[in-house]
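I have placed the structure first, in the form of structure tokens, so that the comments after it can refer back to it.
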Amino acid sequence: MSLTAALTTFATILPSELPDKTILACLILSSRYRASYVWVGAAAGFLVQVVLSTAVGGALSLLPHRWIYAATAVAFCVGAVMLWRQKTEDDEDASRDVRQSFWPVAGTSFAVIFLAEFGDLTQIATASLAAEFHDPVAVGIGATAALWVAAGLAVLVGWKLLRLINLKWLTRIAAVIMAILAATSAYAAATA
């Protein structure tokens, strides 16, 4: 395993992922749900995507983008609806809300990240780096570490937003942003 390949991949993927829609999704989800659950789901989604990227390499770019974008649009749309309809602590005790339990939150986070990451710049970069270095394990470790750090930063920021903004307004803003992400994915599906 090449340490150079792992570090180069980390240094390439981290700044590429920070302004990405998947990190925005992590931020939004963690502003409403338990941050650790969101991170676990996102980390699992990223890990599966990295394994696919390094194992399949450039073949991932051959998948029909229209269907990937459509599935991503549906995932974001479902997330927007769930957030919009979510009752806040003002409405009822959120600790009794099943959507605050581990599996629904981690599962939603996994699905959103897994679908949104298909055909993404960092996925393509990971596949390219794996082909370039001929060391999928080192590239996989570097990419996974970079994506987990980016997700961790987004989750931390999302969790901190709860202290600054009223939960009800934060939930509504998050739902609108998810709807915008759904619309942009739907547009990408229509034009692919």
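- Legend: residues meeting ring-ring contact (aromatic ring centres under 6.0 Å, His included) with Phe114, ordered by chain and number and at least two apart, are Phe110, Phe118.
- In the hydrophobic clustering of this structure, Leu156 does not group with Val149; members are Ile, Leu, Val, Met, Phe, Trp, Tyr whose side-chain heavy atoms approach within less than 4.5 Å, directly or through other members.
- In this structure, the side chain to side chain contact (heavy atoms under 4.5 Å, CB included) partners of Val176, at least two apart in sequence or on a different chain, are Trp84, Ile180.
- We find the CZ-CD1 distance between Phe46 and Ile113 to be 4.5 Å, quoted to the nearest 0.5 Å.
- Linking Ile, Leu, Val, Met, Phe, Trp and Tyr residues whenever their side-chain heavy atoms come within less than 4.5 Å places Val38 and Leu47 in a single cluster.
- The same ILVMFWY cluster, assembled from side-chain heavy atoms under 4.5 Å apart, contains both Trp103 and Leu29.
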Only pairs under 3.5 Å count here: list side-chain donor-acceptor contacts from residues 5-15, not counting sequence neighbours, and write none if there are none.
{"from": "Thr8", "atom 1": "OG1", "to": "Thr4", "atom 2": "O", "distance (Å)": "2.7"}
{"from": "Thr9", "atom 1": "OG1", "to": "Ala5", "atom 2": "O", "distance (Å)": "2.7"}
{"from": "Thr12", "atom 1": "OG1", "to": "Thr8", "atom 2": "O", "distance (Å)": "2.8"}

Could you list the donor-acceptor pairs under 3.5 angstrom formed between side-chain atoms of residues 136-143 and any protein atom two or more places apart in sequence or on another chain?
none

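- Looking only at side-chain heavy atoms (C-beta outward), Val155 and Leu27 stay at 4.5 Å or farther from each other.
- With values rounded to the nearest 0.5 angstrom, Glu17 atom CD is found 3.5 Å from Thr22 atom OG1.
- For the atom pair CD1 of Ile23 and OG of Ser16, the computed distance is 11.5 Å after rounding to the nearest 0.5 Å.
- Every residue was checked against the side chain to side chain donor-acceptor pair (under 3.5 Å) condition with Ser109, not counting sequence neighbours, and none meets it.
- In this structure, SG on Cys26 lies 12.0 Å from NZ on Lys21, to the nearest 0.5 angstrom.
- Side-chain contact between Thr108 and Tyr33 is absent, with no heavy atoms from C-beta onward closer than 4.5 Å.
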Problem set entry | Working for side chain to side chain donor-acceptor pair (under 3.5 Å), residues Glu117 and Gln123 | CA-CA 7 Å; Glu117 196 64 14; Gln123 185 188 41; over 6 Å; no
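- Residue pairs meeting the side-chain hydrogen bond (donor to acceptor under 3.5 Å, both in side chains) criterion with at least one member in residues 34-44, sequence neighbours excluded: Arg34-Tyr37.
- Here the CG-CG distance, from Leu18 to Leu24, works out to 12.0 Å after rounding to the nearest 0.5 Å.
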